[in-house]
Amino acid sequence: MDELIVKAAEDIEAARHVTALTGAGISIESGIPPFRGKGGLWEKMDPMEFAHIDAFQCDPAKVWNLLIKGMKEVLDPAKPNDAHIGLAQLEKCGKLKTVITQNVDGLHQAAGNTDVIEFHGSFAWQYCTHCGNRCKTSDVDMAKIPPTCQCGGILRPDCIFFGEMIPFDAIQRSQEVAASCDVMLVMGTSAMVQPAANLPVLARENGAKVIEINPEPTPLTGTTSDYIIQGSGSRVMNGIMARLDG
Ligand code: NAD
Ligand code: ZN
């Protein structure tokens, strides 16, 4: 693994334009569980029953009680870990331009990245399903479930439920960024959710090196990625940053 960390640092050093694609795995060390796999949310609940737009529209109180309230409790206190901080340092030193994230937790921005494409939206904001008014999730009065806007409309998080479309702007910009980078770091994503999982394929087709950082192999491993560094996001990023500094 250490040899691959040295190789990744060299590849980043030689690159002009690095992009990162991140998923739930990068935030596990910040205390946020992933969806899939061990300890994942889907071990405890059926996504179609709680995280589908039809479920929310049918019974918003149930989805607020069983999914959104719990997400707020986990996300509110979460802080960036060394993997997020490493990516922010990579931006500061002029290497990394854009982070494309499937996460809704806002931790890349909290770490200091300034160009973050939130592919699945953001949990930091709510909007009214009636008048569209927006407010911060941290300001929502949780005494009444489902919480409502001043107009009486039900609030919902500004991230997408299953069954909803990815914002067009996010897809378009992500594709541009993926096609124009020369190194893509793919971190903490199982690469099972489309269309995000296709971005590394697009990067590679356009000549980029694709470096995976994930404890487990994924469908990209051995096909799309040039190599995988099997380890936790923070440990690998700390290793890469130490070599770039030195
Ligand atoms: P996923 O849950 O499908 O997979 C997580 C991946 O992270 C796995 O491949 C796992 O091996 C890897 N991983 C585990 N520990 C890690 C570590 N310490 N460092 C790096 N990687 C580690 O995640 P996904 O691919 O992002 O897709 C799931 C969907 O879930 C996304 O659409 C996302 O919107 C949503 N989601 C977001 C959050 C969040 O905002 N933090 C949390 C849960 C789910
Ligand atoms: Zn309203």
Side-chain angles (χ1 to χ4, degrees), residues 20-45 47 50-51 67-68 70-72 74-76 78-84 86-87 99-110 116-124 126-135 137 140 146-162 164 166-167 170 185-200 211-221 225 228-239:
L21 170 68
T22 67
I26 196 171
S27 296
I28 292 176
E29 291 172 278
S30 295
I32 304 174
F35 281 169
R36 283 166 201 76
K38 217 170 140 252
L41 206 55
W42 301 157
E43 273 183 350
K44 294 183 210 125
M45 56 174 82
F50 297 102
L67 181 69
I68 307 174
M71 277 177 78
K72 182 167 156 52
V74 171
L75 297 194
D76 271 356
K79 299 266 177 296
N81 64 57
D82 284 356
H84 300 102
L87 289 179
V99 177
I100 306 166
T101 188
Q102 297 165 84
N103 297 343
V104 297
D105 55 32
L107 292 182
H108 288 299
Q109 294 92 325
V116 181
I117 302 175
E118 293 176 302
F119 215 70
H120 295 152
S122 164
F123 191 79
Q126 303 281 322
Y127 68 89
C128 170
T129 50
H130 182 66
C131 73
N133 214 6
R134 285 162 64 80
C135 66
T137 302
V140 169
T148 48
C149 166
Q150 279 149 349
C151 82
I154 292 171
L155 294 178
R156 60 156 288 173
D158 194 9
C159 45
I160 57 165
F161 286 103
F162 282 100
E164 291 191 297
I166 311 265
L185 301 174
V186 182
M187 300 179 65
T189 175
S190 60
M192 308 276 266
V193 183
Q194 289 294 358
N198 200 46
L199 294 169
I211 306 171
E212 260 191 281
I213 300 170
N214 200 315
E216 307 287 339
T218 75
L220 302 174
T221 313
S225 52
I228 178 168
I229 311 179
Q230 280 192 243
S232 81
S234 61
R235 173 155 186 245
V236 174
M237 271 317 284
N238 282 341

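Just follow the structure's listing: the first ligand is 1, and inside any ligand the first atom is 1. In what follows, residues are counted from 1 in the order of the sequence shown.
Every atom of ligand 1 is numbered from 1 in the order shown, and the set under 4.0 Å from a heavy atom of Gly23 is 26 (O). Within ligand 1, the atoms closer than 4.0 Å to a non-hydrogen atom of Val193 are 27 (O), numbered from 1 in the order shown. Of all atoms in ligand 1, listed by their number and element, those nearer than 4.0 Å to a heavy atom of Ser27 are 41 (N). Interface atoms of ligand 1 facing Glu216, defined by a heavy-atom separation under 4.0 Å, are 11 (O).
Between Ala24 and ligand 1, an N or O atom pair is found at a separation short of 3.5 Å. Residue Gln102 has at least one nitrogen or oxygen atom sitting less than 3.5 Å from a nitrogen or oxygen atom of ligand 1, judged on distance alone. Any N or O atom pair closer than 3.5 Å counts here, and Val104 shares at least one such pair with ligand 1.
Using a 4.5 Å heavy-atom threshold, the side chains of Tyr127 and Asn133 count as separate. Under the 4.5 Å side-chain criterion, counting only non-hydrogen atoms from C-beta, Cys131 is in contact with Cys151. Looking at heavy atoms from C-beta onward, Thr22 lies out of side-chain contact with Thr189 at the 4.5 angstrom threshold. Side-chain contact between Gln230 and Pro217 is present, with at least one heavy-atom pair separated by less than 4.5 Å. Using a 4.5 Å heavy-atom threshold, the side chains of His130 and Cys149 count as separate. Annotation: side chain of Val99 is not in contact with side chain of Ile117 (no heavy-atom distance under 4.5 Å).
More than 12 heavy atoms of other residues, nucleotides or ligands shown are found within 6.0 angstrom of CD on Gln194.
At least one heavy atom of Pro33 lies less than 4.0 angstrom from ligand 1. Within the 4.0 Å heavy-atom shell around ligand 1 one finds Glu29.
Between Arg156 and Glu164 there is a salt bridge, since a side-chain N of the basic residue sits under 4.0 Å from a carboxylate O of the acidic one.
Residue-level proximity to ligand 1 for Asn103 is carried by backbone and side chain together, each with a heavy atom below 4.0 angstrom.
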Going through the distances and angles, do Met187 and Ile211 end up as a side chain to side chain contact (heavy atoms under 4.5 Å, CB included)?
-> CA-CA 8 Å; Met187 300 179 65; Ile211 306 171; over 6 Å; no
Verdict with reasoning, Glu212 to Thr221, per side-chain hydrogen bond (donor to acceptor under 3.5 Å, both in side chains) = CA-CA 8 Å; Glu212 260 191 281; Thr221 313; 2.9 Å; yes
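Note on the Zn ion (ligand 2): protein N, O or S atoms under 2.8 Å away count 4, no waters included.
Closest heavy-atom approach to atom 25 (O) of ligand 1 among the candidates Thr189, Val186, Thr22: Thr189. For atom 1 (P) of ligand 1, the candidate residues are Ser190, Ala196, Gly31; the nearest heavy-atom contact is made by Ser190. Nearest residue to atom 39 (C) of ligand 1 from Thr218, Leu107, Asp105 is Asp105 (criterion: closest heavy atom).
Between Ser190 and Thr218, the closest heavy-atom pair is O-CB, 3.7 Å.
Of the possible polar contacts, none joining the Ser27 side chain to the Ser30 backbone as a donor-acceptor pair under 3.5 Å is found.
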